[in-house]
Structures are given as structure tokens and as C-alpha cells.
Number of protein chains: 2
Amino acid sequence: MATKTRDAAAEKLPLDQILAGDCIDIMNSLPEGSVDLIFADPPYNLQLKGSLHRPDNSAVDAVTDHWDQFASFAAYDSFTRAWLKAARRLLKPDGAIWVIGSYHNIFRVGAALQDAGYWVLNDVIWRKSNPMPNFKGKRLTNAHETMIWASKAETSKYTFNYEALKALNEGIQMRSDWVLPICTGHERLKDANGDKAHPTQKPESLLHRVIVGSTNPGDVVLDPFFGTGTTGAVSKMLGRHFIGIEREESYRKVATARLDKVRKLDASALETSTSKRSEPRVPFGQLVERGMLRPGEMLVSPRGKAAKVRVDGSLVSAEHRGSIHQVGALLEGAPSCNGWTYWQFKRDGQLIPIDILRQQIRTEMARDA
Amino acid sequence: MATKTRDAAAEKLPLDQILAGDCIDIMNSLPEGSVDLIFADPPYNLQLKGSLHRPDNSAVDAVTDHWDQFASFAAYDSFTRAWLKAARRLLKPDGAIWVIGSYHNIFRVGAALQDAGYWVLNDVIWRKSNPMPNFKGKRLTNAHETMIWASKAETSKYTFNYEALKALNEGIQMRSDWVLPICTGHERLKDANGDKAHPTQKPESLLHRVIVGSTNPGDVVLDPFFGTGTTGAVSKMLGRHFIGIEREESYRKVATARLDKVRKLDASALETSTSKRSEPRVPFGQLVERGMLRPGEMLVSPRGKAAKVRVDGSLVSAEHRGSIHQVGALLEGAPSCNGWTYWQFKRDGQLIPIDILRQQIRTEMARDA
DNA sequence: TGGATGCGTGAATCTCGAA
DNA sequence: TTTCGAGATTCACGCATCC
């Protein structure tokens, strides 16, 4: 707590600094039970092989840095278990940890956390509003990353600022899925050449929510994979202490310059809420998946043209196939057509516009948001 | 594929049935390499202690069934590794699996999948539009569950109906986070007392998306934790075969009654949008042979580069010669080039993409088939 | 100054069949 | 098993440029 007298162990901490070196060695050199929160963004072990090009033939700048290379799952596990053990020793009894990862590594991290005695509180999904698409159409767009929030032990009285997060979420309980954009634009740090300074810089909005939700002012937040220092920047801004550990000198240099520019906020730290209150998009396919329309059912146009609904939410008429908009446009010989207002379905002998069903879904969405 | 002759192993399968007993024993009794897809909703090992009450003091009906009780993580791991091994043996070489879970078990399941040799394709978040709130305000609202989609091996040519899922999502490629409501209302099966028949019944919309996206009509879908048979119901409706395995008689009974009521959709509703990859290959030389392009005629690129058509269907420019793709790539200095969409020819002063000619041939082929 | 247009890019396990 | 070559494939933004 902010008001609590700092204990002896914490007094020996090198606060608000970036420590150079291997995170396991350095964590082992710091006093036991001294840190309130750990935020860790470890290597994901992506195991990328060849190169990848966009449809326009430009090359994707992939994460191929040496620090993300591991010989095997076993090697990655052994690294993971070692740093998680060192991290747990550092935590105060009521401390907690956040770890972020992708499907490449997060299952291994999660199992190691549980095996080490941490107690998982939530898994939190960062849903990216602007992810990189899947260029080859071979998988789903990888549009999220996973964070695990765990206390040091099952009995820990971890910090959770329920009301603060609820306030951040317009008065509604914060959920386990967070929609936030990736780090781009001015926030993305560049090196002297104008290239990105770090391949995986996290957005400050993500750390903002983590730190507001699970620390108090004056707390100590340690990041063993500091990179360009997002954790430090947000901690400093929010009046928390940080300790960064980073092996690579180039990252430390960028982080130091960044942290020098950060000013602690006075009082009301408001999230840059991107509340574009436009109506949410409802794919027509959801009406089929949710059983509101039956695959095989016929839709009818105002002038009596008909088309059949297929399981993937596309339509097929005598001569055309495609989306509700495409088939409508083709049947009318029009350049475009709003399928939502064009098509109707039959219930109890009545013709009903399909837009009614979309309204039902939107009403649910608004109620449940 | 639906039209492919079923192989010997698959012919011995007990299709469209619910098998009674332990899933590991039963899977081991079925023929190796015979199943296209496995969907598994294993016990979550929730480790619930005590009871939970809502703010109004009503009790939350928690999952406390005996089948969800495990003595330790080690016991749960050993169970998980055993059924995943039996499941992998059953899969065809190009088969795939989906497993759904929560933070209690999904990390252990994911690590076990990777260790067993499965190849993770995506982790998919089922984002619940109407989750149960966190009554105590001690954690984030647990508003999602995680599914892991993995192929049998890294080299598997898994089924992925990219275009169908894109159609379900109104023309934008499907992401790894799916917003769907939980199973309520009349879809939620009740027992004779009017209580819910199964504590964790999954919504059909979720299975619809899984099955449309990763199987073809006629495929065999196995569910080793069948419960009340959502996987079977959706498989049957979508013209896939199912095999259910369920230990508890009460669930089998409910599932049987449910499946009897399901009708298979007619074939035209089952058709989905397909990708160009599945269309027949047309050699460029055919355009010349058929007189659609004259030997000696010039093709033009979007940026005005030109090449001459030769009698054998190769191109020659000032500096390069080769296929339409090779010459395009060389002229652009690109690693590759789709000549079909790159080159244009001239008719009546208009520039027309050569892909139009390929479309004409494909339309003829479809009509004559 | 403002709107339209175009370009660049982000933690990516990203083709496939024939020879 | 490896090699070769045809040819399929992208969404949301920020920012710069150009009328």
C-alpha cells in the first residue's frame, strides 16, 4: 500500500533505474520479497522459418532477433521456469505477476506459472483493433495476445482496483478481454535510421490498464524484459516506482531517453478512451450461425426475386452468388445494394426485413457490453 | 473430401453414433488414422472450493460434478496427455483437433498438445457477449474461453475453408476472436426436472463456425467428451458424420433425443464459397492455342512494360523471357508475380486483364462438366 | 486549409502439386 | 525427399502528398 512504511527489503532496491544484464542473475541479486508487481514480456519463441511477403510483394519485417531463438520447447521451458522462479522470490507475499505471450509460448508459460506455485487470477485477452492480417489465407488472423495475471500464491491478498477499472470501462465491470490498438505512430520509438527501435514494443494503453488495476501509487513494478521501457514509462507517469532489467544496450539507450521525458501525472489520469460510438458491424453470417435464419431458407426482394441462404452466410440465386449486398446488386443491375434493407424473410406468412434481426443482435450487444 | 472414396480405416468406424464408456479406451479401440476432425471439451479442472452466492444471496450453480475432480495438476496432466495421445492416433495424417478450455486447464492442455507433436494453428478466443459477472468484484469478469486449433503434425495439410469463414464475416478475413453468446433459452437442454441437463453446454453457433471452417461435407468429426451432443447436432445438420463418446448415461440419453430431431441441410445450402486455389488450372498456352491471344501480340503491364506472346505461350520482353509469371517477376524485380493479374492485352483501344480470358475458359469448363 | 489518394507497416510458426 | 515453378494472397491506421 502507498501509505505503508516501506520495509527493509524494499529499501535496498535500485528504484527507477534500468539494470544491465541477464534478468535471472539480476533478480537473484535483489532482496527477496521486495517487489509489488512484475510485468514480463518474455521472448515468444516464434520459431519462424522462411520469409513472408505481402500480396503486393513487400517483405514482412519479422521478429528474427537472436534473443527469440531457442533450440527446443525443452530449452524454452527451462529458461521460463528459471526466470519465473527468480521472479517469485522477489515478489512480496501479496505480490502479483503479469506475463504476456502468444500461442507459441503462452501455454508453456501458464503451465510453468502454475507449477511454480503462482495462482492464476485471470487470463486477459488483448484484442488488437488493428492486427496484421493473414496474408496467405491459411489461418485465422492472429488478432490477439494473451496475458496471464497471477498472484504469488493462492493465499496472497493481491491488489485489485476494481472500482478504478470499472470507471475506466464506463461504469461496467472490466472484462477479461481488452480492445486496444497496437503501438504505432508517434508512440512507436524509432532508432537513428528511422527504423523501429524494438520489434515488439507494447502500447502504453495496455500497461496503463495493468498498472491502474493491480498496483497502488508508490508501489514497485519490476520488468525483467524491459526493452524500450513501456512498463517504466507508464509506471513513472502513474506515480509508481519501476525497476527495469535489459540485456541489450541499444534498447537501454532508447529507454533511458524515453524515461527522461516522462512526467509524473498530477492527479486525474484519464485513459485515451477511443470511444467511437458508431454502430457495431454485424456480419450477416452471424444470423445463420445463431440460428435466426436457417441455411437453405429463401430470402425475397421487394420485387419478388429470391435467393437461398448458405451455411457460410453467402446467398445463391438462379444466376448469382455472393454476399447479401453483392447478390442484391447483381439482381438489380445496380452498382451497389444494401442487402440489409433489400432482403426479407418469411415468418408466419409475413415478410420481414432481415435488418430486424440485425437490430436484435445490436440490442443484445448494447445491453451486454 | 466428400467425393473421395472412403479409405479402409474409415469404413470400420461406427458413424453417427454415441459410444458409451471411457473415451481413452474407446478411442484406442477405433481404427488408426480414420478421423478428419476432433472437437474436445474436456473437464476444466475448476478446483472450486465452497459455494458462491450472488449479491442477492441466491446460489450460483457451479460445476462440481465428479468428472471435474482431479487430485493435482499432475493427475490432470496425466489424464490430458493420455487422451490427447489416443486422439492423435485416431486422426488422419491431415486431420486436426480443437480443444476448448479456460485458464484453469488450457495452459496444461496447450503444452501437452505441443509436446505430443500436434502443431498449433491458432488459439481462438470465444468472447462471450453475455458472460456471468464477477459477483465479488475480486477479479475481472471472466468473459471468454480459449480454443486451441492444431493439426496432427507440422506437415499436415489441414482443412481450412478460408473463403467460407470470410463470407461468414461479410468479406473480411475471420479473426482469432469470435464474439458469440453463451448457450441459453430454448437451445439450452433441460432434464425432466427442468434443470439444465449439462453444466457446460456449448452454443451451436460456436460449433457451426468450427465445423464450417475446418471440415468438408462427408468428413468424420469425433467428440470424446460428447456431453449433450452439440458437436453431433451441428455436424449432422451440416452434412458431416459424427462419433460421440460419453461416459454418463444421463447425457447420452439427452443427446440421443436431441440428435433424432436434427435434419441434415440440403446440399445447395451446404455449399460454401471456395477459393481460386480449388479451381482448375488453366495453362496460359491455352489462350494462344484457342486463338484468344495471337502469337506476336503484345501484353502490357500496369506500369507500361511490354512483352510479346510466343507460340508456345511464353513471353519475351527486351531483356527477359519465360512464363507470364517469370517475366512479370523479373520486370518488377519482385520475388514472384501472378502473371494472370499482372498482364493486360488490348482490344478496341481498351486494356483488358488476361485473367478475363481464363475466366471464360473456366466458365466453359464448368458448363461442360 | 481541407479532402482525396496513396503508401507503408505491424510478435507470422502464412502454398502446393508435379517431377 | 527435394526441387521447381505456377500462381494465390491483406486489414486498419498513421502519415505524406497532391490537388
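We name chains A, B, ... by the order of the sequence lines, and we start the count at 1 in each one. Heavy atoms only: backbone and side chains are in, while hydrogens, waters and symmetry mates are out. Just so it is clear, the structure is predicted and the values come from calculations on it, not from any experiment.
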When we call it a touch if two heavy atoms are under 4.0 Å apart, what does [X] touch: a base, just sugar-phosphate, or nothing?
{"X": "A:Gly50", "answer": "base"}
{"X": "A:Pro42", "answer": "base"}
{"X": "B:Ile172", "answer": "sugar-phosphate"}

Heavy atoms within less than 4.0 Å of DNA chain D: which residues of residues 330-341 of chain B have one? Give them sorted by number.
B:Ser336, B:Cys337, B:Asn338, B:Trp340

What parts of residues 130-138 of chain A reach DNA chain D, counting only heavy atoms under 4.0 Å away?
A:Asn130, A:Pro131, A:Pro133, A:Asn134, A:Phe135, A:Lys136

Do A:Lys128 and C:dA11 have a side chain to base donor-acceptor pair shorter than 3.5 Å?
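Counting by modelled atom types and ignoring angles, no donor-acceptor contact under 3.5 Å is found here.
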
Check: A:Arg54 side chain, C:dG10 base, donor-acceptor under 3.5 Å
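Under the 3.5 Å cut-off, the side chain and the base do form a donor-acceptor pair.
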
Once you round it to whole Å, what is the distance between [atom2] of [N] and [atom1] of [X]?
{"X": "A:Phe225", "N": "C:dA11", "atom1": "CZ", "atom2": "P", "value": "18 Å"}
{"X": "A:Asn57", "N": "C:dG8", "atom1": "CG", "atom2": "P", "value": "13 Å"}
{"X": "B:Phe160", "N": "C:dT13", "atom1": "CZ", "atom2": "P", "value": "12 Å"}
{"X": "A:Gln69", "N": "C:dT13", "atom1": "CD", "atom2": "P", "value": "15 Å"}
{"X": "B:Trp343", "N": "D:dG7", "atom1": "CH2", "atom2": "C1'", "value": "15 Å"}
{"X": "B:Ile324", "N": "D:dA8", "atom1": "CD1", "atom2": "C1'", "value": "13 Å"}
{"X": "A:Glu145", "N": "C:dA12", "atom1": "CD", "atom2": "C1'", "value": "11 Å"}

State which of [options] makes the closest approach to the side chain of [X].
{"X": "B:His325", "options": "D:dA6, C:dG17, C:dA12", "answer": "D:dA6"}
{"X": "B:Gln326", "options": "C:dT9, C:dA11, D:dG5", "answer": "D:dG5"}
{"X": "A:Pro55", "options": "D:dG5, C:dT9, D:dT10", "answer": "D:dT10"}
{"X": "A:Leu52", "options": "D:dA6, C:dT13, C:dA12", "answer": "C:dA12"}
{"X": "B:Lys166", "options": "C:dA12, C:dT13, D:dC11", "answer": "D:dC11"}

Scan every strand shown for a Watson-Crick or G-U wobble partner of [N], both distances under 3.5 Å, and answer none if you come up empty.
{"N": "C:dT13", "result": "none"}
{"N": "D:dA8", "result": "none"}
{"N": "D:dA16", "result": "C:dT5"}

With syn defined as a glycosidic angle within 90° of 0 and anti as the rest, where does D:dT10 land?
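In terms of base orientation relative to the sugar, D:dT10 is anti.
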
Let's see if you get this right: which residues in residues 276-285 of chain B place a heavy atom under 4.0 Å from DNA chain C?
B:Arg277

Kindly say whether the aromatic ring centers of B:Phe284 and B:Trp343 come within a distance under 6.0 Å.
no

Should [X] be listed as having a side-chain N or O under 4.0 Å from OP1 or OP2 of [N]?
{"X": "A:Arg139", "N": "D:dT9", "result": "no"}
{"X": "B:Tyr162", "N": "D:dT10", "result": "yes"}
{"X": "A:Lys196", "N": "C:dG10", "result": "yes"}
{"X": "A:Asn45", "N": "C:dT13", "result": "no"}

Look at the aromatic rings of B:Trp178 and B:Trp98 and report parallel, tilted or perpendicular, splitting at 30° and 60°.
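B:Trp178 and B:Trp98: tilted rings.
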
According to the interplanar angle, ranging from 0 to 90°, do the rings of A:Tyr251 and A:His198 count as parallel (below 30°), tilted (30 to 60°) or perpendicular (above 60°)?
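If you compare the ring of A:Tyr251 with that of A:His198, the planes turn out tilted.
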
A:Asp191 side chain to A:Asn193 main-chain N or O, any donor-acceptor pair under 3.5 Å?
yes

Tell me which of A:His186 and B:Glu163 sits closer to the 5' end of DNA chain D, going by the nucleotide each one is nearest to.
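With A:His186 and B:Glu163 compared, the 5'-side residue is B:Glu163.
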
